[in-house]
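Single-structure report; data block below.
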Amino acid sequence: MTLEEVHGQETVVESADRMQTAGKALHELLVSAQREECLTVGVYESAKVMNVDPDSVTFCILAADEYDEGDIALQIHFTLIQAFCCENDINIVRLNDTEKVAQILGLTDESAEPKDLHCILITNPNEDAWKDPALEKLGIFCDESRKVYDWVPSITLPE
């Protein structure tokens, strides 16, 4: 086995561990942010918060399923939100499973109207008000991703 092969295997393991850690941290963040009432859910609701008080936004999650990839209007919204987040130094990630997000947030009631889970903001109206270790882990994950030119990294939530 060559040095390149060994290094390549280590990189794959590191990447998988890093992704798993980020997925767990995101799950923890969603639960604690909901408990602290620091969540804004929905594309339009998120746009309102970003317009009125962009300094309160600390993290952004864009979620879409496979069938959403063909929704041009949603992709335009995502592009605008990504640009806003990059301009305002807001960490941002993508998810590919809105159903898991709905389960985590307890929004799986079949009788209720489906909630728009395509954009979720973690807000913090006062910088000192709420510190979460999961938010710090995700900040590091986003910083590391940007170092390898992955501006909006994708995360997979744990089962």
Side-chain angles (χ1 to χ4, degrees), residues 16 18-146 150-159:
R18 195 171 153 262
M19 184 65 67
Q20 189 175 25
T21 301
K24 287 179 183 175
L26 184 58
H27 184 279
E28 293 169 16
L29 179 62
L30 286 169
V31 170
S32 62
Q34 186 178 35
R35 185 177 48 247
E36 295 290 327
E37 298 180 3
C38 294
L39 281 181
T40 301
V41 179
V43 172
Y44 295 108
E45 292 81 0
S46 297
K48 287 181 207 173
V49 169
M50 288 180 183
N51 188 39
V52 172
D53 190 11
D55 293 333
S56 72
V57 179
T58 59
F59 199 79
C60 179
I61 303 159
L62 298 178
D65 293 312
E66 285 181 24
Y67 59 86
D68 291 322
E69 295 302 322
D71 185 342
I72 301 300
L74 182 61
Q75 297 308 316
I76 291 170
H77 287 298
F78 280 4
T79 301
L80 294 171
I81 291 168
Q82 288 172 4
F84 183 89
C85 289
C86 289
E87 182 72 24
N88 289 281
D89 296 322
I90 298 168
N91 288 321
I92 182 170
V93 296
R94 286 194 76 140
L95 289 177
N96 294 325
D97 196 343
T98 57
E99 286 183 27
K100 281 185 189 173
V101 174
Q103 289 173 350
I104 292 168
L105 299 178
L107 302 173
T108 56
D109 185 9
E110 296 293 326
S111 62
E113 185 177 321
K115 189 105 170 131
D116 173 15
L117 298 172
H118 292 111
C119 183
I120 300 171
L121 298 180
I122 310 298
T123 57
N124 194 1
N126 179 353
E127 259 184 57
D128 299 327
W130 180 63
K131 297 285 184 199
D132 190 282
L135 183 60
E136 291 177 26
K137 288 178 190 174
L138 287 166
I140 292 167
F141 174 80
C142 289
D143 287 343
E144 291 172 352
S145 295
R146 282 191 293 272
D150 187 5
W151 304 110
V152 184
S154 291
I155 293 180
T156 303
L157 289 167
E159 294 298 322

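Note that the numbering runs from 1 along the sequence shown for the chain.
Interatomic distance, K48 NZ to L121 CG, rounded to the nearest 0.5 Å: 12.5 Å. The CG atom of L62 sits 6.0 Å away from atom CZ of R94, with the distance rounded to the nearest 0.5 Å. In this structure, OG1 in T21 is found 11.0 Å from CD1 in I140, a value given to the nearest 0.5 Å. The distance from the CG atom of L74 to the CD1 atom of I81 is 8.0 Å, given to the nearest 0.5 Å. Taking CD1 from I122 and CG from D132, the interatomic distance works out to 9.0 Å, rounded to the nearest 0.5 Å. The line from CZ of F59 to OG1 of T123 is 13.5 Å long, rounded to the nearest 0.5 Å.
Contact of the T40 side chain with the M50 side chain is not registered, since no non-hydrogen atoms from C-beta on lie closer than 4.5 Å. Annotation: side chain of H77 is in contact with side chain of Y44 (closest heavy-atom distance under 4.5 Å). Here the side chains of I120 and S46 are not in contact, with every heavy-atom distance at 4.5 Å or above. Side-chain atoms of N96 and E66, non-hydrogen and from C-beta on, never get closer than 4.5 Å to each other.
Checking side-chain atoms of Q34 against main-chain N and O of L105 turns up a donor-acceptor pair under 3.5 Å. The backbone N or O of V49 sits nowhere less than 3.5 Å from a side-chain atom of D53 that would complete a donor-acceptor pair. N124 contributes no side-chain N or O that, together with a main-chain N or O of T58, makes up a donor-acceptor pair within less than 3.5 Å.
The shortest non-hydrogen separation linking N91 to G139 is ND2-CA, 3.4 Å. Among all heavy-atom pairs drawn from C60 and C119, the shortest one is SG-SG, 4.0 Å. In this structure, I90 and P54 approach most closely via the heavy-atom pair CD1-O, 4.2 Å. When every heavy atom of L26 is checked against every heavy atom of I61, the shortest pair comes out as CD1-CD1, 3.5 Å. Closest approach of L95 to I155, counting heavy atoms only: CD2-O, 3.0 Å. Closest non-hydrogen pair, A63 versus F78, comes out as O-CZ, 3.5 Å.
Applying the salt bridge (charged side-chain N to carboxylate O under 4.0 Å, His left out) rule to K100 yields the partners E159; only residues at least two apart in sequence or on another chain are considered. Scored by the side chain to side chain contact (heavy atoms under 4.5 Å, CB included) test, V31 finds H27, R35, I104 as partners (sequence neighbours excluded).
A donor and an acceptor atom, one from each side chain of T98 and D65, are located under 3.5 Å apart.
Within a 6.0 Å sphere centred on CD of Q75, other residues, nucleotides and ligands contribute more than 12 heavy atoms.
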